[in-house]
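Presented below is the structure to which this report refers.
Heavy-atom basis, side chains included; hydrogens, waters and symmetry copies ignored.
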Amino acid sequence: MLALLASLIWLYLTVRGLPPQGAERWTLALPTSLYLGWISVATIANITAYLVSAGVTTGALGLSAPLWSAVLVVIAAAIGVFFLARFHDYAFAGVLLWAFYGVYVARPDAATVVTGVAIAAVLVVLGALLSLRTRRTAL
């Protein structure tokens with residue numbers, strides 16, 4: 001899974017390094033961003049599943065399982081803010097927001113998880129707003 005993520009990041013950086021011509025923004029850059037977003041979410045979910053199966057989330061570092069979930073969601077948000085700040089990638093951020101909504105729907109009764117999802121969503125939205133504000137336009 002990590003090798004797939006690494007190769008996808010390489011592809012993403014290659015695609016981002018080329019100036020889009022014509023419909024390439026919609027046919028190459030957008031699908032790559034969406035796929036990288038979903039692979040990133042899947043990687044974090046797989047890491048979480050591994051930590052649970054290994055028993056790490058049962059009190060490791062004094063954190064409960066819901067708190068671990070909240071921490072990993074906030075880490076995903078930090079990755080999304082990086083992609084927004086560096087690449088102005090709103091599709092990647094949209095995938096993260098959709099995944100955060102899925103986490104919320106799956107665990108609406110866990111206040112810690114809901115709080116982590118809310119913090120993560122606010123971080124991504126603020127990152128998107130700052131990215132829009134700092135976007136440089138060509139003359």
Side-chain angles (χ1 to χ4, degrees):
M1 180 61 96
L2 290 177
L4 176 63
L5 183 61
S7 63
L8 190 58
I9 290 172
W10 174 81
L11 173 66
Y12 180 85
L13 293 174
T14 302
V15 168
R16 285 289 177 179
L18 302 172
Q21 298 176 359
E24 285 180 355
R25 180 178 312 274
W26 301 107
T27 60
L28 185 61
L30 179 64
T32 303
S33 293
L34 292 173
Y35 190 64
L36 179 62
W38 280 117
I39 290 296
S40 299
V41 168
T43 300
I44 291 171
N46 286 339
I47 289 170
T48 304
Y50 173 75
L51 291 175
V52 168
S53 70
V56 172
T57 59
T58 55
L61 300 174
L63 303 177
S64 64
L67 191 54
W68 272 107
S69 297
V71 166
L72 288 171
V73 167
V74 171
I75 289 171
I79 294 168
V81 169
F82 169 76
F83 274 86
L84 283 166
R86 177 71 173 93
F87 303 111
H88 302 285
D89 194 340
Y90 303 102
F92 188 93
V95 168
L96 288 180
L97 290 174
W98 183 257
F100 297 162
Y101 176 72
V103 170
Y104 168 74
V105 168
R107 302 288 306 267
D109 55 332
T112 307
V113 175
V114 171
T115 302
V117 167
I119 291 169
V122 166
L123 285 174
V124 171
V125 169
L126 287 175
L129 292 174
L130 289 173
S131 178
L132 281 172
R133 195 168 173 218
T134 61
R135 189 165 192 150
R136 297 177 192 204
T137 57
L139 297 176

Residues two or more places apart in sequence or in another chain: which of them pass side chain to side chain contact (heavy atoms under 4.5 Å, CB included) with [X]?
X      : answer
Val103 : Val73, Val113, Val117
Ala70  : Thr112
Val125 : Leu97, Leu129
Ala91  : Leu30, Ser33, Leu34, Asp89

In terms of hydrophobic clusters joined by side-chain contacts under 4.5 Å, are [X] and [Y] together?
X     : Y      : answer
Val74 : Leu84  : no
Leu96 : Leu36  : yes
Leu72 : Ile119 : no
Val71 : Val124 : yes
Ile44 : Val105 : yes

Query raised in the report: What pairs with Phe83 under ring pair (Phe, Tyr, Trp, His ring centres under 6.0 Å), at least two apart in sequence or on another chain?
Result: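 Expected list: Tyr12, Phe87, Phe92.
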
Query - Tyr90 and Leu132: CA distance, side-chain angles, deciding distance, side-chain contact (heavy atoms from CB on, under 4.5 Å) verdict - result: CA-CA 10 Å; Tyr90 303 102; Leu132 281 172; 3.5 Å; yes

Query raised in the report: What distance separates Ile79 CD1 from Leu123 CG, expressed to the nearest 0.5 Å?
Result: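 Taking CD1 in Ile79 and CG in Leu123, the distance rounds to 12.5 Å.
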
Requested in this report: Measure the shortest side-chain to side-chain distance between Val41 and Trp98 over non-hydrogen atoms and say whether it is less than 4.5 angstrom.
Outcome: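 Of all side-chain heavy-atom pairs linking Trp98 with Val41, none is under 4.5 Å.
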
